[in-house]
Amino acid sequence: MSTVPMRVTPLTPTVTVVRQPAGRDVVFLLDGSDATRSGFPAMRDFVQKQVDTLSVDDGKDRVSVVQYSSDPAVQFYLNTYTTKREVLDSVRGLRHKGGRPLNTGAALRYLRDNVFTASAGSRRPSGVPQVLILITGGRSFDSIDEPASALKQLGVLTIAIGTRGSDPREL
């Protein structure tokens with residue numbers, strides 16, 4: 001009886017790497033109603049400081065700014081600018097919109113339908129995190145419940161910041 005040497009091949013573990021998409025899409029929704037006229041420069045400064053921390057130049061982060069009162073007005077979309085300098089120049093040039101009443105619900109619905117979309121530069125279909133930073137100074141004239149829920153269902157992380165006149169329950 002002869003023995004045949006057996007070759008033993010070590011098992012190689014399989015490693016699965018799940019890559020998180022780099023960056024995020026950040027939309028600033030600014031209350032431009034009459035009630036925020038005196039506080040608007042502080043809002044604009046806040047946006048500038050936040051943009052300074054983002055990685056826009058290397059394409060990781062995208063930024064959009066929308067101002068609203070009775071109706072929303074896009075200042076620029078997620079795919080409008082590709083450099084931090086362009087974004088900051090546009091933010092520095094923002095002028096207070098004005099108007100009333102404050103329709104936050106309509107503005108949130110507008111973002112869902114027109115800003116958090118691929119045609120506006122949103123990379124949500126690719127898994128890039130979607131972030132909404134809402135800065136408001138008053139109570140909404142219209143209902144925010146359904147539009148806020150719709151954004152949440154899309155996976156949009158919403159950060160709400162209120163000034164003195166805002167409604168803490170609404171935030």
Side-chain angles (χ1 to χ4, degrees), residues 19-100 102-138 140 144 147-148 151-152 154-166 170-171:
R19 295 191 51 160
Q20 288 286 47
R24 63 211 139 182
D25 293 340
V26 181
V27 177
F28 292 91
L29 180 60
L30 307 178
D31 177 347
S33 68
D34 292 345
T36 62
R37 187 170 307 281
S38 64
F40 193 76
M43 278 191 230
R44 188 176 49 225
D45 291 346
F46 174 82
V47 173
Q48 286 177 315
K49 288 176 184 167
Q50 298 312 305
V51 170
D52 265 333
T53 68
L54 299 175
S55 299
V56 178
D57 290 326
D58 58 11
K60 287 183 180 175
D61 298 327
R62 291 184 181 178
V63 180
S64 172
V65 173
V66 178
Q67 204 178 145
Y68 77 105
S69 54
S70 58
D71 60 333
V74 175
Q75 307 298 307
F76 55 91
Y77 290 98
L78 291 164
N79 57 2
T80 302
Y81 300 122
T82 58
T83 69
K84 187 180 289 191
R85 182 183 180 126
E86 290 174 316
V87 172
L88 288 172
D89 286 348
S90 184
V91 170
R92 282 186 201 102
L94 288 177
R95 298 290 168 249
H96 186 258
K97 179 181 183 322
R100 40 182 163 177
L102 184 64
N103 289 323
T104 307
L108 294 174
R109 200 171 359 273
Y110 184 86
L111 292 182
R112 180 196 65 205
D113 296 342
N114 300 284
V115 178
F116 286 111
T117 62
S119 62
S122 171
R123 299 170 291 170
R124 186 178 63 82
S126 301
V128 173
Q130 306 293 288
V131 179
L132 167 61
I133 300 175
L134 165 65
I135 305 174
T136 186
S140 182
I144 63 160
L151 284 173
K152 187 175 182 179
L154 278 181
V156 176
L157 169 66
T158 301
I159 301 165
I161 301 167
T163 61
R164 275 188 208 131
S166 60
E170 216 172 64
L171 296 174

Ignoring hydrogens and angles, tell me if any N or O in the side chain of [X] forms a donor-acceptor pair with the backbone of [Y] under 3.5 Å.
X    : Y   : answer
S55  : D61 : no
T36  : G39 : no
H96  : S38 : no
S90  : V87 : no
Q50  : V47 : no
N103 : D71 : no

**OP:** Under the side chain to side chain contact (heavy atoms under 4.5 Å, CB included) rule, what do Q67 and M43 come out as? Steps first, then yes or no, please.
**Re:** CA-CA 11 Å; Q67 204 178 145; M43 278 191 230; over 6 Å; no

Original post:
In this structure, are over 12 heavy atoms from other groups packed under 6.0 Å from R100 atom CZ?
Top reply: no

Interatomic distance, [X] atom [atom1] to [Y] atom [atom2] [nearest 0.5 angstrom]:
X    : Y    : atom1 : atom2 : value
L94  : L30  : CG    : CG    : 7.0 Å
S64  : L132 : OG    : CG    : 10.0 Å
T117 : N79  : OG1   : CG    : 8.0 Å
I161 : D31  : CD1   : CG    : 12.5 Å
T158 : L111 : OG1   : CG    : 9.0 Å
F116 : L154 : CZ    : CG    : 8.5 Å

Original post:
Does a donor on one side chain sit under 3.5 Å from an acceptor on the other, for S122 and Q130?
Top reply: yes

Would a 4.5 Å heavy-atom cut-off, applied to side chains only, mark [X] and [Y] as touching?
X    : Y    : result
L29  : Y68  : yes
V115 : Y77  : yes
V65  : V91  : yes
V26  : R62  : no
L54  : V63  : yes
I159 : L134 : no
V66  : F28  : no
D25  : R124 : no

Subject >> Test salt bridge (charged side-chain N to carboxylate O under 4.0 Å, His left out) applied to D57 and K84, step by step >> reply: CA-CA 6 Å; D57 290 326; K84 187 180 289 191; 5.6 Å; no

Subject >> Note: K49-D52 ion pair, threshold 4.0 Å (strictly below) >> reply: no

Original post:
Under 4.0 Å between a Lys/Arg side-chain N and an Asp/Glu carboxylate O for K97 and D34?
Top reply: no

Original post:
Run the side chain to side chain contact (heavy atoms under 4.5 Å, CB included) check on Y81 and D89 step by step: do they pass?
Top reply: CA-CA 10 Å; Y81 300 122; D89 286 348; over 6 Å; no

Subject >> Over all atoms of both residues, closest heavy-atom pair of G98 and S69 >> reply: O-OG, 2.9 Å

Original post:
Does the side chain to side chain contact (heavy atoms under 4.5 Å, CB included) test come out yes or no for R92 and Q48, once each step is laid out?
Top reply: CA-CA 8 Å; R92 282 186 201 102; Q48 286 177 315; 2.5 Å; yes

**OP:** Show your working on side chain to side chain contact (heavy atoms under 4.5 Å, CB included) between L102 and T136 and close with a plain yes or no.
**Re:** CA-CA 9 Å; L102 184 64; T136 186; 3.6 Å; yes

